[in-house]
K.L.:
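Here it is, the structure, as structure tokens.
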Amino acid sequence: MADHPLDTTVTDHLLSTTRAVRKRLDLERPVEREVLLECLRLAVQSPTGSNSQNWHWVVVTDAEKRARLKELYDGMARPYLESQAEAAADPQTRRVYQSAVYLLDILDQVPVHVIPCVEGRLENPEPFAAASFYGSILPAVWSFMLAARSRGLGSVWTTLHLANEAESAELLGIPDGMTQVALIPVAYYTGDDFKPAARPPVEGITYWDTWGAT
């Protein structure tokens with residue numbers, strides 16, 4: 001039997017129950033700065049392309065700035081999310097869009113918005129360039145979200161404010177040459193623990209040596 005240096009009961013539970021949290025967010029309880037810094041310290045342990053370590057984080061707690069970010073988010077998000085909620089045939093997908101509309105309604109009340117940024121601008125849309133560019137920030141963001149989950153914090157990956165990225169950069173003083181990749185609302189979550197989501201069996205979407213060979 002192979003040795004397992006970590007308790008996989010704990011790690012598997014963390015990995016299988018880190019959900020997109022939109023409704024069960026505690027809007028009254030502040031999130032301590034040191035807790036956020038602990039999560040970010042873990043996040044920047046993630047790998048970056050060519051060891052560039054070119055991530056940056058804007059943590060927004062100011063109420064007026066959060067309200068303005070909601071406005072920037074709303075301009076793109078509401079018509080899209082509401083139409084998708086109405087059109088969704090699958091009940092689970094419909095609930096996701098409905099919860100996204102709920103998040104939009106209360107976004108300014110979520111105590112922390114974390115905006116991960118990466119140095120540079122992606123001018124070349126080729127797959128190699130895109131994979132390398134975003135591959136230097138996305139692992140860190142997911143590590144941040146896992147660390148937050150382990151400390152009783154809920155979060156969700158959102159990107160719709162990027163339709164107004166320039167206005168967001170001006171609001172937050174983000175310099176030219178920096179790319180915002182998401183807006184992560186963060187708050188302590190309420191209620192009980194989370195459960196694994198319904199997903200298709202991996203045997204049907206995993207191929208061995210050749211596409212389609214299961």
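Owing to the predicted nature of the structure, the values given are computational and were not obtained by experimental measurement.
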K.L.:
Identify all side-chain donor-acceptor contacts of residues 129-141 below 3.5 Å with residues at least two apart in sequence or on another chain.
P.N.:
residue: Ser132; atom: OG; partner: Phe128; partner atom: O; Å: 2.9
residue: Ser136; atom: OG; partner: Gly49; partner atom: N; Å: 2.8
residue: Ser136; atom: OG; partner: Ser132; partner atom: O; Å: 3.4

K.L.:
Is there side-chain contact between Thr17 and Pro196, with at least one heavy-atom pair below 4.5 Å?
P.N.:
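Of all side-chain heavy-atom pairs linking Pro196 with Thr17, at least one is under 4.5 Å.
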K.L.:
Strictly by salt bridge (charged side-chain N to carboxylate O under 4.0 Å, His left out), give each pair with a member in residues 131-157 just once, sequence neighbours left out.
P.N.:
Glu38-Arg151, Arg149-Asp193
K.L.:
So do Val156 and Leu25 actually touch side chain to side chain, heavy atoms under 4.5 Å?
P.N.:
no
K.L.:
Would Val186 and Ser155 count as a side chain to side chain contact (heavy atoms under 4.5 Å, CB included) if you check the C-alpha gap in whole Å, the side-chain angles of each, and the deciding distance to 0.1 Å?
P.N.:
CA-CA 5 Å; Val186 179; Ser155 66; 4.2 Å; yes
K.L.:
Hey, can you pull the donor-acceptor pairs under 3.5 Å for the side chains in residues 86-93, sequence neighbours left out?
P.N.:
residue: Asp90; atom: OD2; partner: Gln92; partner atom: N; Å: 3.3
residue: Asp90; atom: OD2; partner: Thr93; partner atom: N; Å: 2.9
residue: Asp90; atom: OD2; partner: Thr93; partner atom: OG1; Å: 3.0

K.L.:
Enumerate the ring pair (Phe, Tyr, Trp, His ring centres under 6.0 Å) contacts for residues 183-204, please, sequence neighbours excluded, ordered by first and then second residue.
P.N.:
Tyr189-Phe194
K.L.:
Using the salt bridge (Lys or Arg N to Asp or Glu O under 4.0 Å) criterion, which residues pair with Arg33? Sequence neighbours excluded.
P.N.:
none
K.L.:
Determine whether a donor-acceptor pair (N or O, by modelled atom type, separation under 3.5 Å) exists between the side chain of Thr18 and the backbone of Leu15.
P.N.:
no
K.L.:
Can you get from Leu36 to Leu146 by hopping between Ile, Leu, Val, Met, Phe, Trp and Tyr side chains that sit under 4.5 Å apart?
P.N.:
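In one cluster: yes.
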K.L.:
Tell me, which pairs form a salt bridge (charged side-chain N to carboxylate O under 4.0 Å, His left out) where one or both residues lie in residues 96-112, sequence neighbours left out?
P.N.:
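Every pair satisfying salt bridge (charged side-chain N to carboxylate O under 4.0 Å, His left out) with a residue in residues 96-112: Lys70-Asp108, Arg78-Asp105.
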K.L.:
Show me the pairs that pass side chain to side chain donor-acceptor pair (under 3.5 Å) and involve residues 194-205, at least two apart or across chains.
P.N.:
none
K.L.:
Any side-chain to backbone donor/acceptor pair from Ser83 onto Pro79? Under 3.5 Å, distance only.
P.N.:
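Side chain of Ser83 to backbone of Pro79, a donor-acceptor pair under 3.5 Å: yes, one is there.
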K.L.:
Do any pairs count as a ring pair (Phe, Tyr, Trp, His ring centres under 6.0 Å) and have a residue in residues 73-113, sequence neighbours left out, and if so which ones?
P.N.:
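Listed once each, the pairs would be none.
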K.L.:
Please assess Thr158 against Leu103 for the test side chain to side chain contact (heavy atoms under 4.5 Å, CB included), listing each intermediate value before the final yes or no.
P.N.:
CA-CA 10 Å; Thr158 77; Leu103 174 65; 4.1 Å; yes
K.L.:
Provide the full list of salt bridge (charged side-chain N to carboxylate O under 4.0 Å, His left out) pairs with a residue in residues 120-148, sequence neighbours left out, each pair given once.
P.N.:
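Sorted pair list: Arg121-Glu165.
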K.L.:
Same cluster for Leu69 and Val114 if Ile/Leu/Val/Met/Phe/Trp/Tyr side chains link at under 4.5 Å?
P.N.:
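No, it is not one cluster - the side chains of Leu69 and Val114 are not joined through contacts under 4.5 Å.
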K.L.:
Answer yes or no: is there a donor N or O on one side and an acceptor on the other, between the side chain of Thr48 and the main chain of Ser52, under 3.5 Å?
P.N.:
yes
K.L.:
Do you reckon Val21 sits in the same ILVMFWY cluster as Val110, going by side-chain contacts under 4.5 Å, direct or chained?
P.N.:
yes
K.L.:
Checking one residue: Trp211. Which other hydrophobic residues are in its cluster under the side-chain 4.5 Å linking rule?
P.N.:
Tyr207
K.L.:
Applying side-chain contact (heavy atoms from CB on, under 4.5 Å), can you list everything that pairs with Lys65, at least two apart in sequence or on another chain?
P.N.:
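Once residues adjacent in sequence are excluded, the partners of Lys65 under the side-chain contact (heavy atoms from CB on, under 4.5 Å) criterion are Val60, Asp62, Leu171, Leu172.
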K.L.:
Check the hydrophobic clustering (I, L, V, M, F, W, Y; side-chain heavy atoms under 4.5 Å; chains of links allowed) and say if Val31 and Phe144 are grouped together.
P.N.:
yes
K.L.:
Just jot down the salt bridge (Lys or Arg N to Asp or Glu O under 4.0 Å) partners of Arg68, sequence neighbours excluded, or say none.
P.N.:
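Partners of Arg68 by the salt bridge (Lys or Arg N to Asp or Glu O under 4.0 Å) criterion, ordered by chain and then number, come out as Glu71.
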K.L.:
Are the side chains of Val101 and Glu82 in touch, meaning some heavy atoms are under 4.5 Å apart?
P.N.:
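Yes, their side chains come closer than 4.5 Å.
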K.L.:
Would you please test Leu162 and Gln180 for side chain to side chain contact (heavy atoms under 4.5 Å, CB included) and show each step?
P.N.:
CA-CA 7 Å; Leu162 295 176; Gln180 303 168 56; 3.7 Å; yes
K.L.:
Give the intermediate values and the outcome of side chain to side chain contact (heavy atoms under 4.5 Å, CB included) for residues Ile106 and Lys23.
P.N.:
CA-CA 9 Å; Ile106 55 95; Lys23 287 190 172 182; over 6 Å; no
K.L.:
Taking the side chain as every heavy atom from C-beta outward, state whether Thr179 and Leu122 have any pair of such atoms under 4.5 Å apart.
P.N.:
no
